[in-house]
Amino acid sequence: MAPGVREAFRALHAERVPGGDSGRWLEELIASGRYVEDVYAAG
């Protein structure tokens, strides 16, 4: 599910910021601690 969420964020950014680097934008969010994935695993 996490890859789909990341792709959705990149798609939204690309839609709203034409010509922007959506991949870099998301990497910067992650590096700054503004985007944190909560990974759940049952087992």
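Keep in mind that this is a model prediction, so the values were computed, not measured.
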Test salt bridge (Lys or Arg N to Asp or Glu O under 4.0 Å) applied to Glu37 - qualifying residues, sequence neighbours left out: Arg6

Basic-acidic side-chain contact under 4.0 Å: Glu27, Arg24: no

Residue Tyr35 excluded, over 12 heavy atoms near OH under 6.0 Å: yes

Linked, directly or transitively: Leu12 and Leu29 (ILVMFWY side chains, under 4.5 Å): no

Verify same cluster id: Leu26, Val17 (apolar side-chain graph, 4.5 Å): no

Check: His13 main-chain N/O paired with Ser22 side-chain donor or acceptor under 3.5 Å: no

Hphob cluster co-occupancy, Ile30 + Phe9, side-chain heavy atoms under 4.5 angstrom: yes

